[in-house]
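Below you'll find the structure, written out as structure tokens, and then a few comments.
Sequence lines set the chain letters: A, B, ... in the order given, protein chains first and strands last, and positions in each chain run from 1. Reckoned from all heavy atoms, side chains included, excluding hydrogens, waters and symmetry mates.
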2 protein chains.
Amino acid sequence: MGSLTSTHPRLPRAQRKAAILTAATRLFAAKGFSGTKTREIAELAGISEALLFKHFPTKKDLFAAILAQYSPVPRLLTEVQALAHEKNDEQLFRYIATTIVSKVPDTQLMRLILFSALEEPELSDLFFHQHVSRFYKVFSQYIARRIKDGALASCDPLLAARAFMGMLINHRLLSDIFHLPVPHSPEMIAETIVRIFLHGMRVTAPNSASTASGITRLGASESYSSKASPSRHHSPRRKRQRS
Amino acid sequence: MGSLTSTHPRLPRAQRKAAILTAATRLFAAKGFSGTKTREIAELAGISEALLFKHFPTKKDLFAAILAQYSPVPRLLTEVQALAHEKNDEQLFRYIATTIVSKVPDTQLMRLILFSALEEPELSDLFFHQHVSRFYKVFSQYIARRIKDGALASCDPLLAARAFMGMLINHRLLSDIFHLPVPHSPEMIAETIVRIFLHGMRVTAPNSASTASGITRLGASESYSSKASPSRHHSPRRKRQRS
DNA sequence: AAGATGTAAGTAAGTGTTTACTAACTTTTC
DNA sequence: GAAAAGTTAGTAAACACTTACTTACATCTT
């Protein structure tokens, strides 16, 4: 067994904690929160279960610690904000597309995020409202500015941002999570998506539309009242708790 | 207790089976496969655990039975195939968009599909390769035909189909699963997405491109070899099994 | 340099509960 | 009266988490 150090690889607190987090991340991403057993985590980390619980008082605390430390957003966001100054749409959108399609966040993190959203919403809602919403806010602000500039066609910027990201995320979902074959190179996929989107958002020259009805207008009918309030069923019971 | 029938609501086999499936579906969708306990299912169905196991020999069999019976695809697909004959792009794409945005499949089924893809891939891969792939095949064939007709710009039809569906699915993910607010009516969302996509896929008049590099071409660079083969780690061990 | 000592790192062996699943029995219905 | 529908009361294993203990090692003292 002992290959690195002679007999007992005793580690300082911080290092051991990190080792546990690494092991737990892999297992939680693979099998979810309730699908992962604390014994497996301890085994993969090469320690006893008792030690695990000395570092993280409950399984949930461990899961929360993992969620708190990972986020793909900041790195992406700083780059986007830098590119936003140049007002080069193609460059910016292509950067985002290439990043996402080339597995950022990686499959493990995607699975972790999905699992947490499904299994532990109160933990992941924080994550989403902090990181994801912030990204969409910055991104849609850029789009709004470019619409005002006259570089992009007018429509709701947030919807446009979500639409663009959706094309990318869906590709990752289909390939990483649902295991459908992807018969193209990442570069080509990114380029096609950017092309469809930017072409779709391009201002039309005052031409006659080639289709029957006039869909040259962009904002779509805005007279609908947004009264969407689906009753969430949201089970509020919880079994065990800790201080 | 007995409110429907006087004392014992004894049901014929098929009906009881259906009642169990209904209860199990709700719980599996809410808490996943390993998060749901057979005792809870029996309780919600109003029967003993023993009876549950008389109808479904294992918990996994029950889960598989649920997956086998639901699919949002056939209904959507027949409608799409009917509309495809008319070659009215706006009508067809708008139909798909409205359907998805207006919660078909509903939140419960979306959660169920995601849970099964994450927790029981061998069960859901069947689902995806049968239903989802079939939908994309039909849908992308329509797009391919419209490209040949000259009605849509040339690009890979499968990528285009996935891009379009991605905009819609992402909206459902953000609102249903990740609980981000959606500040628009379903109708406006659907319309905006359709507009972006169809405008993006519209053939450009032989004009000069307004951006620096020439992106008037559609298929994107096709010289990349598709050598994507990420090593899946795919834990092959399984604990309990049944004949 | 050798020992004493405090403390952090680590573990073996549980605890009570929960879990998927079963055996053996009772009740209803045709 | 017999088959089908249903239950009670289990079982062995698995589960998150604890208790009570041992071991390694840096630092201080002599």
I'd like to check the ring-ring contact (aromatic ring centres under 6.0 Å, His included) partners of A:Phe127; sequence neighbours left out, ordered by chain and number. A:His131

Starting from P on C:dA20, measure out to CZ on B:Phe53 and report it in whole angstrom. 7 Å

Students often get this wrong, so: under 4.0 angstrom with heavy atoms, is B:Ser34 touching a base, only sugar-phosphate, or nothing? nothing

Quick one: do A:Glu49 and A:Lys37 make a salt bridge, cutoff under 4.0 Å? no

Check the distance between D:dA16's P and A:Lys59's NZ and give it to me in whole angstrom. 4 Å

Atom-pair distance (CZ on B:Phe56; P on C:dC21), nearest Å: 13 Å

Of A:Ala50 and A:Lys37, whose nearest nucleotide on DNA chain D comes first from the 5' end? A:Lys37

Nearest whole angstrom, please: distance from the C1' of C:dT22 to the NE2 of B:His55. 16 Å

Rounded to whole angstrom units, what separation is found between the CG atom of B:Leu62 and the C1' atom of C:dC21? 13 Å

Plane angle bin for B:Phe164 and B:Phe197 - parallel if under 30°, tilted between 30 and 60°, otherwise perpendicular: tilted

Rounded to whole Å, the CZ-C1' distance (B:Arg39 to C:dT18) equals 8 Å

Would you please name every residue forming a salt bridge (charged side-chain N to carboxylate O under 4.0 Å, His left out) with A:Arg172, sequence neighbours left out? A:Asp176

From the set D:dG6, D:dT19, C:dC21, return the single nucleotide nearest to any side-chain atom of B:Leu11. D:dG6

For the side chain of B:Thr58, starting at C-beta, report the closest nucleotide among D:dA16, C:dC21, C:dA23. C:dC21

Can you find a side chain N or O atom of A:Arg16 that sits less than 4.0 Å from OP1 or OP2 on C:dG10? yes

Of the listed nucleotides D:dA16, D:dT8, D:dG6, the one nearest the side chain of B:Leu51: D:dG6

Looking only at the side chains, is there a donor atom on one of A:Thr25 and A:Gln108 sitting less than 3.5 Å from an acceptor on the other? no

Between the protein and nucleotides 2-4 of chain D, which nitrogen or oxygen pairs are less than 3.5 angstrom apart?
none

Ring center gap for B:Phe28 and B:Phe115 short of 6.0 angstrom: no

Polar side-chain contact B:Lys54-D:dT7 base: donor and acceptor under 3.5 Å: yes

May I ask you to verify if any side-chain N or O of A:Thr38 is less than 4.0 angstrom from the OP1 or OP2 atom of D:dA16? yes

Could you check how far CD of A:Glu49 sits from C1' of D:dA20, rounded to whole Å? 17 Å

Taking the six-membered ring where the residue is Trp, are the ring centres of A:Phe93 and A:Phe139 under 6.0 Å apart? yes

Length of the line joining B:Leu27:CG and C:dA20:P, which is rounded to integer Å: 12 Å

